[in-house]
Protein chains: 2
Amino acid sequence: MPYDPSAFPPFAVTVDLVVLTVRRHALCALAVRRGEPPFQGRWALPGGFVRADEDLSQAAARELAEETGLCAHDPSVPVQDNGAHLEQLATYGDPKRDPRMRVVSVAHLALAPDLPAPRAGGDASNARWAPVEELLQQGGYGRDGEPVAPLAFDHAQILADGVERARSKIEYSSLATAFCPPEFTVGELRRVYEAVWGVALDPRNFHRKVTGTPGFLVPTGGTTTRQGGRPAQLFRAGGATLLNPPMLRPEV
Amino acid sequence: MPYDPSAFPPFAVTVDLVVLTVRRHALCALAVRRGEPPFQGRWALPGGFVRADEDLSQAAARELAEETGLCAHDPSVPVQDNGAHLEQLATYGDPKRDPRMRVVSVAHLALAPDLPAPRAGGDASNARWAPVEELLQQGGYGRDGEPVAPLAFDHAQILADGVERARSKIEYSSLATAFCPPEFTVGELRRVYEAVWGVALDPRNFHRKVTGTPGFLVPTGGTTTRQGGRPAQLFRAGGATLLNPPMLRPEV
DNA sequence: GATCATAGTCGTCTTCCTGACGATAAACAC
DNA sequence: GTGTTTATCGTCAGGAAGACGACTATGATC
């Protein structure tokens, strides 16, 4: 087909972000309240238009910084400081997903350590960390007894896909360390796995597994007591990105 | 940000297809020759614009049918007939990836059994199955001694990503059966794994593994001799989509 | 300070999976 | 028949993982 600008329909392209963290033993996602129609007042995933001269990953990193102050991290470098892991998730382009116009959204997944309060344009009441089960339940009631409206657009589907990606990816990669501060203990890492998978893991087998997987953890030499009990060794994330053999998610 | 049509730049959205099959013990991809600039005369992945009223997966299925006659298959249904597996791969949106204009391409991955000759608008010389190593080598020479030009646009990257997705996905899913005809033998399935991974597998251990994984293979009762030697049992793909435990790709 | 609760760390045992590989079975070519 | 090819079954050793006992090192409580 020859080049003819009228031969293709114009699309708006956005990036939407599934930003996950672990807070108080629960997997939480960043949600922002919509200020305008459609879905005014409803919670949604953060996101925005891709600019004319921007790559998709640049746009995602920019939105992430705008919403959280996080600095997106090159995936080839181990996670450190307050950098977050950022990767492309999937693209959603149903013709009716936005009632205003044809919008294709390239969703990205970000994994971050537990952060202070979120900010959305400086207005804290319009952004929050919410447990993913709370955001995904349809028409139920939240912990405060207030009715829960489903997320705007197809964001419930996007969030569910992002959560599933995170759950499966920490099996065979060292991505779980992206939820941890730069230095962490084996127990803290185990609580990340428990929160993301929603299961209880045997501390002894987990300890044997992660300390025995080459390149996963590097001891820093320090110890700490953050949870009461015996002090634990501190580790940093090792260079390995793919775990071999993988962590196994317990059956059902 | 309020709704303002001038607030976002317009994009063209395309789908590109990585269509993989196994021919003569080699992993091959479908390539089409470009008829117009840019990259006129160069090989590229098949693809085209997403229409105004089309979902992304619909557009990918339409392009697949146009190029190969394959009927894309709902992933929730086991592969059968001449249906192919089709899934979204990733989205590529570098501002400079198409010199004409801003194009975002949603790449899809299709896996198909070995097919008769491809057709591209009825012109066989403009479409072919080529071994993926041949398409991915840069500036080398093909088997016929003719110099090989790299694929157009960023299609080498897209193809490489698709191949890597296929290689990893047959580890933990039953997707390898998408490369097989409706009924196949354990040996044929093994040769699929060998071609996709580029390794040799022990026939005895492979047989034990696939016949011992629940839901992977269903015996049809028939036997056949397609490769010489003792007749082999025929199987269909079972309902299982996730293999547990997974097939393990040999180290290195 | 003794006791208790909490977490972290090291071992043991059994079971399952895998890789290596011997042996047998059933076809075809000569 | 002999040889070749492919399919299929069996055996054995090594490694990984689940279950779980035991010990260690801290803070909290009496």
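All values below were derived from every heavy atom in this structure, side-chain atoms included, with hydrogens, water molecules and symmetry-related copies excluded. Reminder, nothing fancy here: chain letters follow the sequence lines and each chain counts from 1.
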Do the numbers put A/R128 on top of the ring of A/W43, so that NZ or CZ is under 6.0 Å from the six-membered ring centre and no more than 45° off the axis? yes
Starting from P on C/dT18, measure out to CZ on B/F206 and report it in whole angstrom. 12 Å
Say whether, by atom type as modelled, one donor and one acceptor occur between the side chain of A/T177 and the main chain of A/S174 under 3.5 angstrom. yes
Can you tell me which nucleotide in C/dT18, D/dA17, C/dT9 comes closest to the side chain of B/K209? C/dT18
Please determine if a side-chain N or O atom of A/R249 lies less than 4.0 Å away from the OP1 or OP2 oxygen of D/dA17. no
Please report, rounded to the nearest Å, how far the P atom of C/dT9 is from the CG atom of A/L217. 11 Å
Tell me the interatomic distance from A/N205, atom CG, to D/dG21, atom C1', rounded to whole angstroms. 12 Å
A/Y193 OH to D/dG18 P, in whole Å, measures 13 Å
How long is the line joining CG of A/L201 and P of D/dG18, in whole Å? 9 Å
So, with a heavy-atom separation below 4.0 Å from DNA chain D, the residues of residues 218-232 of chain B are B/Q227, B/G228, B/G229, B/R230, B/P231, B/A232
Donor-acceptor contact below 3.5 Å, side chain B/K209 vs main chain B/P246: yes
Between A/R165 and A/E171, does any NZ, NE, NH1 or NH2 come within less than 4.0 Å of an OD or OE carboxylate oxygen? no
Result for 5'-nearest mapping on DNA chain C, choosing between A/P203 and B/R208, is A/P203
Begin with the C-alpha distance, continue with both residues' side-chain angles, and end with the deciding distance and a verdict on side chain to side chain contact (heavy atoms under 4.5 Å, CB included) for A/V196 and A/V192. CA-CA 6 Å; A/V196 175; A/V192 164; 4.2 Å; yes
Can you tell me how far P of C/dT18 sits from CG of A/N244, to the nearest Å? 13 Å
Compute the ring centroids of B/F184 and B/F235, then answer whether they are less than 6.0 Å apart. no
Mark yes or no for a side-chain to base donor-acceptor pair under 3.5 Å between A/R204 and D/dG21, with no hydrogen or angle criteria applied. yes
Look at the side-chain N and O atoms of B/H207 and state whether any lies under 4.0 Å from the OP1 or OP2 oxygen of D/dT8. yes
Atom CZ of B/R191 and atom C1' of D/dT5: how far apart are they, to the nearest Å? 11 Å
Whole-Å distance, B/M247 CE to C/dG19 C1', equals 12 Å
Between A/E194 and A/R167, does at least one N-O distance fall below 4.0 Å, as a salt bridge requires? no
Which of C/dG19, D/dG18, C/dC17 is nearest the side chain of A/L248? It is D/dG18
If you pin B/E188 and A/P245 to their nearest nucleotides in DNA chain D, which one's is more 5'? B/E188
